[in-house]
Amino acid sequence: MIYFHNVCSVPSSFQLTGIPGLESLHIWLSIPFGSMYLVAVVGNVTILAVVRVERSLHQPMYFFLCMLAAIDLVLSTSTMPKLLGIFWFGAGDIGLDACLGQMFLIHCFATVESGIVLAMAFDRYMAICNPLRYSMVLTHTVVGRLGLVSLLRGVLYIGPLPLMIRLRLPLYKGHVISHSYCEHMAVVALTCGDSRINNIYGLSIGFLVLILDSMAIAASYVMIFRAVMGLATPEARLKTLGTCGSHICAILIFYVPIAVSSLIHRFGRSVPPPVHTLLANFYLLVPPILNPIVYAVRTKQIRERLLQILRIEKKIS
């Protein structure tokens with residue numbers, strides 16, 4: 001490590017603290033966090049496998065679901081193994097480049113996930129408001145392009161964040177990050193120099209992604225509800241809205257933890273630091289855990305395929 005004026009330095013690595021203030025409970029916290037990570041991995045891998053083998057699920061909605069499952073695997077795997085290493089072995093050391101890489105993966109794929117949730121809203125809009133054109137518009141090629149656009153948007157939006165830190169703010173006044181992973185604001189807070197551009201850019205990206213995506217999703221559902229209200233019978237309305245149930249759950253699962261975490265971070269001055277960090281981790285774990293459960297419970301084809309697999313395993317045993 002190179003020192004300048006005994007104040008700022010160029011660190012070769014950082015030290016992640018895990019859950020600050022709860023260090024004595026790390027070994028116990030590893031049990032629920034490890035269990036949740038295992039559930040997330042098994043659940044999302046199962047969704048990918050079932051959609052792959054079940055030809056009746058080779059439809060746009062389930063291709064988007066597979067994208068969601070892959071993103072959730074990246075989000076949870078980019079943080080949980082390191083967090084469990086901190087809990088079990090105190091292995092909080094992380095290299096500068098590895099820290100910036102982790103930051104990029106977390107924020108990039110959270111942005112990609114928002115884009116996929118928006119694409120799924122477009123899928124529901126086409127299925128309900130323009131059913132005759134659904135198969136012509138949402139072809140496999142279009143679905144793939146929508147996924148690619150979401151990925152490119154995440155890379156273009158988030159790519160500058162680690163580069164701006166690396167090039168504009170190379171000096172740091174400390175190397176201990178009071179967090180369980182390399183979150184953008186936690187890293188910027190340690191830098192020496194003027195970080196206003198980094199902060200403004202980060203907030204602007206958050207606004208563009210979360211506010212504009214959520215507004216577009218809300219607009220699509222306004223049009224969906226208008227179309228549903230035009231149906232003749234209450235039974236038809238309920239049946240049609242039922243096709244949106246899983247996606248509405250996915251919207252709430254993704255946006256509610258982000259909203260709660262952001263509000264507490266901005267306005268919860270009296271909230272203890274461990275609560276902030278726990279919420280930040282739950283925001284990365286809740287969607288990967290709940291999305292497979294919601295779609296497995298609510299999707300008949302997925303549910304039946306899983307039951308069939310369980311029956312086969314039971315016969316073999």
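Just so you know, these numbers use all the heavy atoms, side chains as well, and skip hydrogens, waters and symmetry mates.
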Steps toward side-chain contact (heavy atoms from CB on, under 4.5 Å) verdict (V188, N199): CA-CA 8 Å; V188 169; N199 293 331; 3.7 Å; yes
E183/H107 under side-chain contact (heavy atoms from CB on, under 4.5 Å): CA gap, chis, key distance, verdict: CA-CA 8 Å; E183 194 269 334; H107 295 295; 4.3 Å; yes
Evaluate side-chain contact (heavy atoms from CB on, under 4.5 Å) for F104 paired with L161, printing each intermediate quantity in order. CA-CA 7 Å; F104 171 77; L161 284 179; over 6 Å; no
For H247 and Y221, what are the C-alpha separation, side-chain angles and deciding distance, and is it a side-chain hydrogen bond (donor to acceptor under 3.5 Å, both in side chains)? CA-CA 11 Å; H247 182 244; Y221 270 95; 2.6 Å; yes
Would Q301 and T299 satisfy side-chain hydrogen bond (donor to acceptor under 3.5 Å, both in side chains), going step by step from the backbone distance to the final call? CA-CA 6 Å; Q301 296 97 319; T299 306; 5.9 Å; no
Go through the steps to decide whether L38 and V41 satisfy the test side-chain contact (heavy atoms from CB on, under 4.5 Å), and finish with yes or no. CA-CA 5 Å; L38 181 61; V41 171; 5.6 Å; no
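The closest side-chain heavy-atom distance from V187 to L169 is not below 4.5 Å. The closest side-chain heavy-atom distance from L65 to I302 is below 4.5 Å. Between I289 and I253 there is no side-chain heavy-atom pair separated by less than 4.5 Å. When side chains are defined from C-beta on, S35 does not count as touching V39, because their heavy atoms never get closer than 4.5 Å. The side-chain heavy atoms of S214 and L210, taken from C-beta on, include no pair separated by under 4.5 Å. At a threshold of 4.5 Å between non-hydrogen side-chain atoms, the residues R168 and N198 count as touching. Side chains of N281 and Y181 form a contact here, defined as non-hydrogen atoms less than 4.5 Å apart. Residues F64 and L146 are in side-chain contact: their nearest non-hydrogen atoms beyond the backbone lie under 4.5 Å apart.
Between S56 atom OG and E304 atom CD the span is 8.5 Å, to the nearest 0.5 Å. Expressed to the nearest 0.5 Å, how far CG of L279 lies from CG of L284 amounts to 11.5 Å. If you take CG on L29 and CG on L22, they are separated by 6.0 Å, rounding to the nearest 0.5 Å. Remark: I27 CD1 to F89 CZ distance equals 8.5 Å, nearest 0.5 Å. Taken to the nearest 0.5 Å, the CE atom of M229 stands 9.5 Å off from the OG1 atom of T240. Once rounded to the nearest 0.5 Å, the distance linking OG1 of T111 with CD1 of I116 reads 12.0 Å.
At least one donor-acceptor pair under 3.5 Å links the side chain of R303 to the backbone N or O of V297. A donor-acceptor contact shorter than 3.5 Å links the side chain of R298 to the backbone of G242. Formation of a donor-acceptor pair under 3.5 Å by the Q102 side chain with backbone atoms of C182 is found in this model. The backbone N or O of M136 sits nowhere less than 3.5 Å from a side-chain atom of T139 that would complete a donor-acceptor pair. Under a 3.5 Å cut-off, the side chain of H58 and the backbone N or O of V51 do form a donor-acceptor pair. Formation of a donor-acceptor pair under 3.5 Å by the H179 side chain with backbone atoms of P20 is not found in this model. Put simply, the side chain of D123 never gets that close to the backbone of A119: no donor and acceptor are under 3.5 Å apart. Proximity of a side-chain donor or acceptor of K82 to a complementary backbone N or O of A91 within less than 3.5 Å is detected.
Partners of S114 according to the side chain to side chain contact (heavy atoms under 4.5 Å, CB included) rule, which considers only residues two or more places apart in sequence or in another chain, are R153, V209, D213, F254, Y255. Considering only residues two or more places apart in sequence or on other chains, D97 meets the salt bridge (charged side-chain N to carboxylate O under 4.0 Å, His left out) condition with R166. Considering only residues two or more places apart in sequence or on other chains, E23 meets the salt bridge (charged side-chain N to carboxylate O under 4.0 Å, His left out) condition with none of them.
Hydrophobic clustering (ILVMFWY, side-chain heavy atoms < 4.5 Å, transitive): M120 and F225 are in one cluster. Cluster annotation: I19 and I94 are assigned to distinct hydrophobic clusters (Ile/Leu/Val/Met/Phe/Trp/Tyr, side-chain heavy-atom contacts under 4.5 Å, transitive). Hydrophobic clustering (ILVMFWY, side-chain heavy atoms < 4.5 Å, transitive): I165 and L203 are in distinct clusters. Cluster membership for V137 and M61, using ILVMFWY side-chain heavy atoms within less than 4.5 angstrom, is shared. Under the 4.5 Å side-chain heavy-atom criterion for ILVMFWY residues, no single connected hydrophobic cluster contains both L100 and V176.
Applying the ring-ring contact (aromatic ring centres under 6.0 Å, His included) test to residues at least two apart or on different chains, the pairs with a partner in residues 13-39 are F14-Y172, H26-F87, F33-F87, F33-F282. For residues 113-149, the ring-ring contact (aromatic ring centres under 6.0 Å, His included) pairs, not counting sequence neighbours, are F63-H140.
Within a 6.0 Å sphere centred on CG of L212, other residues, nucleotides and ligands contribute more than 12 heavy atoms. Surrounding CZ of R145 are at most 12 heavy atoms belonging to other residues, nucleotides or ligands under 6.0 Å away.
Of all heavy-atom pairs spanning M36 and L285, the tightest one is CE-CD1, 3.9 Å. A pairwise comparison of heavy atoms in I177 and A186 identifies CG2-CB, 3.9 Å as the closest pair. Residues P287 and P292 share a closest heavy-atom pair of O-CD, 4.1 Å. Taking each heavy atom of S180 and L83 in turn, the nearest pair found is CB-CD1, 3.4 Å. Between C249 and V294, the shortest heavy-atom distance links the atoms CB-CG1, 3.7 Å. Residue C8 comes nearest to L171 through the heavy atom pair CB-CB, 3.9 Å, listed as atom of the first residue, atom of the second, then distance.
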N/O donor to acceptor pairs below 3.5 angstrom from side-chain atoms of residues 42-49, sequence neighbours left out:
from: N44; atom 1: ND2; to: A40; atom 2: O; distance (Å): 2.7
from: N44; atom 1: ND2; to: P288; atom 2: O; distance (Å): 2.9
from: T46; atom 1: OG1; to: V42; atom 2: O; distance (Å): 2.6

